[in-house]
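Encoded as C-alpha cells, the structure appears first; notes follow it.
Just so it is clear, the structure is predicted and the values come from calculations on it, not from any experiment. Both ligands and their constituent atoms are indexed starting at 1 by order of listing.
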Amino acid sequence: MKARFIKEIGTRGFLRIYWDGCTITKIDEEGYKTWQDHHSCPNAYGRGKPGYHNAQIVLGTNEDMIGDSRAFGRVEDYPDERWPKTCDNCGTPVPPDSSPKNLNEAGIKVNRQIFTSRFYDNPSGDPEPGDIYEMDWHPKCDCPYWDNCEGVHLYALLPNGEHWDLNSRASNCTMREERTHRCWVVNGTPPNLTVNKNGHTCAAGAGSIAVPGYHGFLTNGEFVP
Ligand SMILES: [Zn+2]
Ligand SMILES: [Zn+2]
Ligand SMILES: [Zn+2]
C-alpha cells in the first residue's frame, strides 16, 4: 500500500454524549466515590465488546483554529435539541442522567462534551490506512524516549488500522538506557520514506514495523507486508 502524507488544517467538532450504568462500590472518609461501570453497551466503539454507549454528531470544521479544543465553544452553548438521541453503536436511546449518590446505589451517569479531533487535508479529514502525519505532542527535551527529540513525531495509520509512532522506542529495544538513537531510522521526506536500521540505532528487529496484527516494512513510501 502506498503511503500518503497528510497535513492537519483545522479542528473538527462534535457534540458527544457517552453514558453507562454504574454502581457506587465505596465511599471513603473524604467522600470520594469508587464506581463500578456496568459496560452496558454490547458494541462499544463499534468493536463488538461491552463498554460505554457513545453518541456523537458532527458540528463542523473550524479551519481558523488548529489544535484548539475551544474551537466549538462550551457544552452550555448548545440547547438540548441539538444533542444526539441514540447510541451510534447499538441504537439505545440516550437516557436521562440518574447518577447514583449513595453506597451500593446504581444509576446511569450521562456525560455531555464538546469533542474535538484533528482535521486533515485528505478527503475524509481523518487519517486513513496508509496515511502518515506529524504530531506536535511534547515540548522539546520532554520526550519519553529520547533526549534529542524536538517534539514532533511522525505517525502512520498502518494498512490494518493500527497507529504507529515512528519515533517511539521499540518494545524489544536493546539499548534501553540510551536516549539518542532511534529504534527505527527514518530516511527521506514524507511520503517517500524508508524506515530501516541505517544510522544510530539498536539491535532490535530489522527496521520492520511490528504492532499487533501487522508486520511489514515502510520502503520508498510504500507499506510492504
Ligand atoms: Zn450502545
Ligand atoms: Zn519525542
Ligand atoms: Zn532501540
Count the heavy atoms belonging to other residues, nucleotides or ligands that lie under 6.0 Å from CZ of Arg70, then report whether that count exceeds 12.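 No, CZ of Arg70 has 12 or fewer neighbouring heavy atoms, counting only those of other groups under 6.0 Å.
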
Taking salt bridge (Lys or Arg N to Asp or Glu O under 4.0 Å) as the definition, give me every residue that meets it alongside Arg169, ordered by chain and number, with sequence neighbours left out.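 Expected list: none.
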
Side chains of residues 203-219: which donor-acceptor partners sit under 3.5 Å, not counting sequence neighbours?
residue: Ser208; atom: OG; partner: His215; partner atom: NE2; Å: 2.9

Could Arg12 and Asp126 be called an ion pair, given the rule that one side-chain N must be under 4.0 Å from one carboxylate O? yes

Near the Zn ion (ligand 2) (under 2.8 Å) - protein N, O or S atoms: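 Atoms qualifying: His138 NE2, Cys143 SG, Cys149 SG, His153 NE2.
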
Looking at His53, pick out the N, O or S atom nearest to the Zn ion (ligand 1) and give its name.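 Atom name of the closest N, O or S in His53: ND1.
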
Please answer whether the main-chain N or O of Cys143 pairs with a side-chain N or O of Arg179 as donor and acceptor at a distance below 3.5 Å.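 Between the backbone of Cys143 and the side chain of Arg179 there is a qualifying donor-acceptor contact (under 3.5 Å).
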
Filter on side chain to side chain donor-acceptor pair (under 3.5 Å), then keep only pairs touching residues 22-34, sequence neighbours left out; what's left? Thr23-His38

Given atoms SG of Cys87 and SG of Cys90, what angle do they subtend at the Zn ion (ligand 1), to the nearest 10 degrees?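 An angle of 110° at the metal.
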
Sole residue of Cys41, Pro50, Ser40 in side chain to side chain contact (heavy atoms under 4.5 Å, CB included) with Asp20: Ser40

Report, rounded to 10°, the angle at the Zn ion (ligand 3) between the two atoms SG (Cys202) and SG (Cys183). 120°

